[in-house]
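Below, all heavy atoms of this structure are taken into account, side chains as well, without hydrogens, waters or symmetry copies. Here is how names work: the chains are called A, B, and so on, in the same order as the sequence lines, proteins then strands, and each is numbered from 1.
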Amino acid sequence: MCLGIPGEVIEIHADQPDLAKVNVSGVKRLINIGLLSDDPPKPGEWVLIHVGFALSKIDEAEAAAAMAFLEGIGQAYEDEIAALRESLIE
Amino acid sequence: MRFVDEFRDADKAHALAAKIAALCSPGREYKFMEVCGGHTHTIYKHGLEDYLPEAITLVHGPGCPVCVIPMGRIDDAMHLASRPDVIMTSFGDMMRVPGSNGSFFDAKAAGTDIRMVYSPLDSLKIARQNPDRHVVFMAIGFETTAPSTAMTMLRAHAEGLSNFSVFCNHVTIIPAIKAILDSPDLRLDGFIGPGHVSTVIGCRPYEFIARDYGKPVVVAGFEPLDILQSIYMLMLQLSQGRSEVENQYSRVVPWNGNLVALKAIAETMELRPYFEWRGLGFISHSALRVREKYAEMDAERLFSVPGVRVADPKACQCGEVLKGVLKPWECKVFGTACTPETPIGTCMVSPEGACAAYYNYGRMNRDRVPEAARAGRP
């Protein structure tokens, strides 16, 4: 199917550096990392996988920044609800 | 699952929805198009429209590469598959698409050698294992998938594999978006930009939308929070009078795209002068074909195909659904003659099609919500 899913690189194939073993939610398979030849992934890095190819590396810093924004939003919402709970409007 | 679960948190969804609602100008309506079939799928699956204020409508675009393949091309593929010397390989989503005489699935049941593959590379293994047969890979998809087909062809070439070819139906996203922008039927305020196509082409190709048409574009990820955050970013742009391209999916999408992928496509493929899209008609320079240099891997050159232009069945309104003019439930045959089990058109057959998404996830909400309201429950 045409989905793109995140997977963790476990190891690069010894004989074929274009191939890497990845772990996707417990399923371990070989995929082709040839599209990332400009900046090949290393074990422990995460990639976006689509029809057996890694299309892009998942940038952990950007992911953390995205989560930080969402955390901030979430906290603001929780603060708001807490404040509302304390209100004395009648 | 890492990089997935964190972007599904319900509390954060509510928080984003509140921020979106706060940006709505009273009395004004907003229409955003999500181009990608994958985004349509997420929207219906997680009921995201229910989180949004009534003033905001989401319009589903033509970003489903299976949905836009016209029936004539399906017939051409079936013609290739029915040759006794050919093994056809295809992604799963193509298997149920109806041609004039049934689908790949029907043909397979009747004995035609059509095999489902996860990756185009799987076709090479089948070719190596069957040297006396010829493997044709049904290549579909936007720029997301074209690099994988390209790399597979380069690998076959390097190996000297002589019994493999590609029936190329790759399409490109920008001409489709431009056709939507130039369509008199639609008035959109902004775009939720394609996610995975952008990992390949980057964000620059969308700049003409913001610059020449004045519509903001936010390239979005596929989790619920990604889409809600993208809508928030679109609303923020509108409220601040900006129209720019922004990248919400920055953890995956590089601004400049993937140069290795683009080079692989350019090496093996070139733009067709024109191509027919279901629902959108003929669009120039909107699809890819195999280059002369790799002619020995071009199924259209190796074999002849009927190449007949087949009109959609009369009842089918896929074209209007793909342009965002009709919602799935507004199609006359939705849910009656056209269901996932008995599909008439591609919007119902493809997992990324708007009708399939709505049929599988959205129907219950629409039926239940008015019922619940009538019963006096919240």
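- Chain A is approached within less than 4.5 Å, heavy atom to heavy atom, by no residue from residues 34-41 of chain B.
- In this structure, the ring of B:Phe104 has its center no less than 6.0 angstrom from the ring center of B:Phe91.
- Salt-bridge annotation for B:Asp226 and B:Arg251: present, with a side-chain N of the basic residue lying under 4.0 Å from a carboxylate O of the acidic one.
- A:Leu55 touches chain B through backbone and side chain together, each having a heavy atom under 4.5 Å away.
- The existence of a salt bridge linking B:Arg128 and B:Glu159 is confirmed by a sub-4.0 Å separation between a basic side-chain nitrogen and an acidic carboxylate oxygen.
- Between the side chain of B:Glu246 and the backbone N or O of B:Val219, no donor-acceptor pair lies under 3.5 Å.
- With ring centers used as reference points, B:His157 lies 6.0 Å or more from B:Phe164.
- Of all the listed residues (A:Leu35, A:Ile31, A:Asp18, A:Val47), the one sharing the greatest number of non-hydrogen pairs under 4.5 Å with chain B is A:Leu35.
- Although no hydrogens or angles enter the test, the distance criterion places a donor-acceptor pair under 3.5 Å between the side chain of B:Gln248 and the main chain of B:Gly221.
- Within the 6.0 Å centre-distance limit, the rings of B:Tyr249 and B:His196 are counted as a close aromatic pair.
- For the set B:Val252, B:Val253, B:Thr199, B:Asp9, the entry with the most heavy-atom pairs within less than 4.5 Å of chain A is B:Val252.
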